[in-house]
Amino acid sequence: MNSDDDESMDSPETSSSTTNSLKGIKIFILQAKINPEVMGALMDDAEGAGIKLVGRPEDAEIIVTEIRMRKRLERHMDWEVAKTKPLVTSAWLTSSAKAGYPFPCGEFAAVKDLAGETIRNCPDSTTCKGCAKCFSNSRSSSMQLTPDALSPPPNPLSPPTFSPATGVTLVSDSLAWDLERAKDKFDNSSRYACTRLCPLVCPNQGLVEELRVMKQARELEGEPRSVLAYSRAIAAIKSFPHRITSERQVTDLPYIGTKIGTMVADYIRTGHIPEAQAFSTSIRFRALKELTSVHGIGPLTARRLYDLGLRNITDLRNYYGVNPDNDSQDIESLTPDDIQDGKESEVGIKAVLRVYDDITTLIPRAEVEEIARCVYAELCVVQKGCAYTITGGYRRGKLMSNDVDIVFTHPTPMVDRGLCKKLVERLRSRRMVSHVMHLSSFRAPSALRKSQWDTLEKALTVFRLPPETKFYDGGKRIHRRVDLIFAPVEVYWCAVIGWTGSTMFERDLRQWTKDKRGWKFDSTGIVKLSNSEPVLATSERHVFELCGLEWIDPTMRNAD
Ligand code: OXD
Ligand code: MN
Ligand code: MN
């Protein structure tokens, strides 16, 4: 452990919030980019929670800001001061005030370049001094890390819970999991991420953030082998339950070779990985990252656009002739039939650019639940009796999601066929779906198929909640990315597992199932590689049992 870290953990400034109360915690709200109405609401929230608002960033334990970029932040505060504080979005303040205790800062890091510092300097990290407690001991951490604090929304429309035709249970039983007891069954030196516990925010999250920069740099430059090496190392570190303070601690971990081992040593010594720092400030890395943040623009296209001189979203909007202020400009005019099966088009890129600011704003859990509730209510009009699970990061315990992923099924075999398209048409007619970026139909699983992109019926959409909901705020209906996936009832739980992630958990689950069982697993089901015979599971736990795996709650599948 370097001395800087020790200082930030033990300083008297940070000690007041170790009690898990907001009372007396000193917060500075950086007003830039926050409109006066929102500022007023934030101050009310702070006051109501007993938070002490201070007038200078230097005096604060936590800084709340809506600024995301270093350059902009430096106009308002000293970068050297920023590096010593957790910088969180206003959602941290609203969510913490509502809960009555401070949420961990990591999930709300406002400035990506300071994510590591935000995690390290978070007052909540005082509960983690390199001990196994980090997995569950503090009240605010457990809010994120243990399943019981993350109860799924009650389904207001009571879907059927069982399919008599297939014996499939349609409601998850993941709540009945005792993390403390489960811990002993796992070995963090295992080579498969699906056999290790990976919390959302781990004791070495700052190191993980730096390795993520390395991984992303390789991704952007098109080096898949290197991407996989970093992904594996990150997954291994995610499941290590102690703060890493010496290189020796990681020698037993899988996938930490000499090169990454040296990076870990650098991080222990200085709190940073020099190469990651260099990428974070490089013009090319920043530009490629921004260009690929648009759905439909992959690294290859981004590099081509970069060579043409494009650097940011404004350049992309000019290049594609998109006016973000003209919200209605052909975004409403596409029909699902316009979208060619499996092909993202330029039309999709334009649609995303038009609503880019909306869809890059993170979605709180309550809004995710409201979106799912509204979509399900419309689905009931199209077809009664369906069931659904909200998957993705939401199910893994994220307090704020990038998008909403929902897997649907119907208890009667075959009734799900064609439903996705019908639902999308219904949502379009209700002006909830403004754009469909991808629509695909079902193809049966096969032992031969190589593609990792499943072939369930699915629609990747841009969605807005209808005006009458509580998230309709001040006349603004914020656009959200919503993915709708339909699975036949026999493979529902494979689809739920596949769409819950994380990516490395899934990757290793596929590898494990192939190595240990000779089966092929993906979101479309399990088949025996020898004769393409399907293997049917009746619940999520049953999938784990069939594969010969200990059950892992979704909140411990955060291997990325
Ligand atoms: C998300 C996720 O944030 O699925 O949307 O991880
Ligand atoms: Mn998601
Ligand atoms: Mn998604």
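Numbers for residues simply follow the sequence, beginning at 1. Order of appearance sets the numbers: ligands from 1, and atoms from 1 within every ligand.
- Side-chain polar atoms of D560 and T503 form a donor-acceptor pair below 3.5 angstrom.
- The distance from ligand 1 to the heavy atoms of G392 drops below 4.0 Å at these ligand atoms: 4 (O).
- A salt bridge links R373 with E370; the closest basic N to acidic carboxylate O contact falls under 4.0 Å.
- Between R395 and E540, at least one side-chain N (NZ, or NE/NH1/NH2) sits under 4.0 Å from a carboxylate O, which counts as a salt bridge.
- An angle of 110° is found at the Mn ion (ligand 3) between D405 atom OD1 and D403 atom OD2, rounded to 10°.
- Taking each heavy atom of P554 and N558 in turn, the nearest pair found is O-ND2, 4.2 Å.
- Ranking the protein heavy atoms by distance from atom 1 (C) of ligand 1 puts N402 N, 3.4 Å first.
- Closest to atom 5 (O) of ligand 1 among all protein heavy atoms lies D403 OD1, 2.7 Å.
- At a heavy-atom cutoff of 4.0 Å, ligand 1 is contacted by the side chain of D405 but not by its backbone.
- Shortest contact from atom 6 (O) of ligand 1 to any protein heavy atom: K398 NZ, 3.0 Å.
- A side-chain donor-acceptor contact under 3.5 Å links Y394 and E369.
- Within D483, the N, O or S atom at minimum distance from the Mn ion (ligand 3) carries the name OD2.
- Of all protein heavy atoms, the one closest to atom 2 (C) of ligand 1 is G393 N, 3.2 Å.
- Against a heavy-atom cut-off of under 4.0 Å, R396 is close to the following atoms of ligand 1: 6 (O).
- Partner E378 forms a salt bridge (Lys or Arg N to Asp or Glu O under 4.0 Å) with one of K422, R431, R430 and no other, that one being R430.
- Remark: ligand 1 and S401 share no N or O pair separated by less than 3.5 Å (distance only, no angle test).
- Residue contacts with ligand 1 do not include M400, since none of its heavy atoms lies under 4.0 Å from the ligand.
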Exercise. Could you go through the side chain to side chain contact (heavy atoms under 4.5 Å, CB included) check for T500 and F505 one step at a time?
Key: CA-CA 9 Å; T500 295; F505 182 91; over 6 Å; no

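- Relative to the ring axis of W499, R396 does not place its NZ or CZ within 45° and under 6.0 Å from the centre.
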